[in-house]
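Presented below is the structure to which this report refers.
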Amino acid sequence: DRRLAEKLRAFLQLKENGETNLPLQKQLEDTVIKVHRRKYGIKLVILILRPLFYVKVVGKEKVRLTPGVSTVFTCNHGEIYGPIVTNLYIPFSFRPWVINEISEPDRSAQYLYRNTVSRQRWIPRRLQLPAAKVVMVFLEWVMRSLDSITVYRDQPRELIKTFRDTASAMEAGDNILIFPENPNDESLEKAGYLREGVGEFFTGFTMIAQIYHQKTGKCAQFVPIFADKKRHTLTFGEAIVYNPDNPPQEEKLRISGYLRGEMLRMAGLDQEGEA
């Protein structure tokens, strides 16, 4: 596809200049050998699903991608609405972060049931868990086809692997998509992702910019997105760029605070999440 063709051209240019990029080289090799057969399948699924989840994309002209520098897109979850419409309608290439409960077959159905399906009152209770199991078979294939990166929230050692894999993907030229809301925040009456509005954020995800800068000397930009199920819109906000001169903890809070504030603004809510 066009994204990989651009990467191949960039890699060949590096080779002509006597340089190399090992993460990019490995990614291209893996794509040629393992991935190319399933790309057509996911494209077909996107074409089929788009009419069922139509949204109007707003503000994409605000997104200015810098060649050779990775962008991190961040979006609200909206139960399962955000992940669906972003993967269908974001007009830029990216690799999504996917929580390990989704990527591990023995845990994925329970995770989907607990955080999303159990809230769907139109599904009879006795059918909710079986429905989650059926949906997860499809979602697991989708996540593999999208070259998703597994993220481990409560396993520090595994989380290091998430950051390393993400930094390598960014170094190879990939953009990243993250849903930073915390479904277990103490402010929630019931655990799970909010159906409307924007929940409290995890802040650790911003560390990928620090690692990326350490590896490449480049400053990633973070772009906020708000998926609005009521208005059927997917809205892009103004980007914020990582500043390596700030203390790491201060920069982490600055970026995550700005992104959540922008999402709330696009949702028409104040900092407390109220209209």
Side-chain angles (χ1 to χ4, degrees), residues 46 49-66 69-99 115-116 119 146 148 151 175-185 187-190 192-209 219-243 250-275:
I46 288 173
L49 290 181
R50 272 187 171 182
L52 303 178
F53 294 92
Y54 173 76
V55 300
K56 180 180 179 182
V57 178
V58 180
K60 65 179 181 180
E61 69 280 356
K62 296 178 181 178
V63 181
R64 299 176 179 86
L65 301 183
T66 302
V69 180
S70 185
T71 292
V72 181
F73 298 101
T74 56
C75 186
N76 62 304
H77 220 284
E79 288 190 334
I80 200 170
Y81 186 74
I84 291 175
V85 296
T86 49
N87 281 284
L88 292 177
Y89 283 100
I90 287 182
F92 310 101
S93 64
F94 61 86
R95 292 179 64 183
W97 265 16
V98 177
I99 189 69
N115 288 283
T116 300
R119 295 182 171 193
L146 292 172
S148 60
V151 56
N175 301 315
I176 307 296
L177 172 64
I178 295 176
F179 300 88
E181 287 175 287
N182 181 359
N184 300 309
D185 188 78
S187 64
L188 297 172
E189 295 181 3
K190 182 180 179 181
Y193 294 108
L194 294 180
R195 180 173 299 176
E196 299 175 7
V198 183
E200 295 293 331
F201 276 13
F202 290 107
T203 60
F205 72 95
T206 61
M207 290 176 58
I208 60 176
C219 296
Q221 67 170 345
F222 291 78
V223 174
I225 305 172
F226 182 70
D228 192 327
K229 188 174 183 178
K230 280 188 175 181
R231 298 182 176 88
H232 301 285
T233 55
L234 189 68
T235 305
F236 290 85
E238 297 287 349
I240 184 172
V241 178
Y242 171 72
N243 184 353
E250 180 181 318
E251 187 66 358
K252 181 170 67 173
L253 296 176
R254 183 182 78 93
I255 292 174
S256 60
Y258 171 83
L259 293 171
R260 184 170 185 269
E262 272 291 278
M263 289 185 199
L264 287 168
R265 181 189 64 78
M266 291 185 281
L269 304 172
D270 60 23
Q271 292 295 323
E272 302 299 322
E274 299 179 356

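Each residue takes its place number in the sequence, starting with 1. These numbers come from the heavy atoms of this one structure, side chains and all, not from hydrogens, waters or symmetry mates.
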- Task: Look only at the side chain of Asn175 and the backbone of Thr71, and say whether a donor-acceptor pair between them is shorter than 3.5 Å.
- Result: yes

- Task: Please test Leu259 against Phe201 for side chain to side chain contact (heavy atoms under 4.5 Å, CB included), starting from the C-alpha separation and ending with a verdict.
- Result: CA-CA 9 Å; Leu259 293 171; Phe201 276 13; 4.1 Å; yes

- Query: Taking Arg50 for the side chain and Val55 for the main chain, is one N or O donor matched with an acceptor at less than 3.5 Å?
  - Reply: no

- Message: Tell me every residue that passes ring-ring contact (aromatic ring centres under 6.0 Å, His included) with Phe179, counting only those two or more places apart in sequence or in another chain.
- Response: His77

- Message: Between Lys229 and Glu79 (salt bridge meaning N to carboxylate O under 4.0 Å), is one present in this structure?
- Response: no

- For Asn243, does its backbone N or O pair with a side-chain atom of Glu251 as donor and acceptor, under 3.5 Å? yes

- Any chance CZ of Arg231 has more than 12 other-residue heavy atoms, nucleotides or ligands included, within less than 6.0 Å? no

- Message: Taking Arg64's backbone N and O only, do any of them form a donor-acceptor pair with Gln221's side chain (distance below 3.5 Å, no angle check)?
- Response: yes

- Query: Do the ring centers of Phe53 and Tyr89 come within less than 6.0 Å of each other?
  - Reply: no

- Task: Run the numbers on Glu196 and Tyr81 for side chain to side chain contact (heavy atoms under 4.5 Å, CB included), then give the verdict.
- Result: CA-CA 10 Å; Glu196 299 175 7; Tyr81 186 74; over 6 Å; no

- Task: Give the intermediate values and the outcome of side chain to side chain contact (heavy atoms under 4.5 Å, CB included) for residues Thr74 and Trp97.
- Result: CA-CA 10 Å; Thr74 56; Trp97 265 16; over 6 Å; no

- Smallest heavy-atom separation, Leu234 atom then Ala227 atom, equals CD1-CB, 3.8 Å

- Which atom of Lys60 lies closest to which atom of Pro91, heavy atoms considered: CD-CG, 3.9 Å

- Query: What pair of heavy atoms forms the shortest contact from Ile46 to Asn87, and how long is it?
  - Reply: CD1-O, 4.0 Å

- Tell me, do Thr203 and Leu253 make a side-chain contact under 4.5 Å, heavy atoms counted? yes

- Query: How far does OG of Ser93 sit from CG of Leu65, to the nearest 0.5 angstrom?
  - Reply: 8.0 Å

- Item | Heavy-atom check, side chain of Phe236 versus side chain of Val57, under 4.5 Å | yes

- Message: Tell me whether the rings of Phe73 and Phe94 are parallel (<30°), tilted (30 to 60°) or perpendicular (>60°).
- Response: perpendicular

- Distance-minimising heavy-atom pair for Thr86 and Cys75: CG2-SG, 3.6 Å

- Can you tell which of Ile176, Val241, Ile240 makes a side chain to side chain contact (heavy atoms under 4.5 Å, CB included) with Phe222? Ile240

- Evaluate side chain to side chain contact (heavy atoms under 4.5 Å, CB included) for Val58 paired with Lys56, printing each intermediate quantity in order. CA-CA 6 Å; Val58 180; Lys56 180 180 179 182; 4.2 Å; yes

- Query: Which atom names give the shortest non-hydrogen contact between Cys219 and Val69, and what distance separates them?
  - Reply: O-CG1, 3.5 Å

- Message: I need the Met263 CE to Glu181 CD distance, nearest 0.5 Å.
- Response: 7.0 Å

- Distance col, row Met266:CE vs Glu262:CD, nearest 0.5 angstrom, shows 5.5 Å

- State, to 0.1 Å, how close Thr206 and Ser256 come at their nearest heavy-atom pair, and which atoms those are. CG2-N, 4.1 Å

- Query: Rounded to the nearest 0.5 Å, how far apart are CG of Asp228 and CG of Asn76?
  - Reply: 8.0 Å

- Query: Is any side-chain heavy atom of Ile178 less than 4.5 Å from a side-chain heavy atom of Val72?
  - Reply: yes

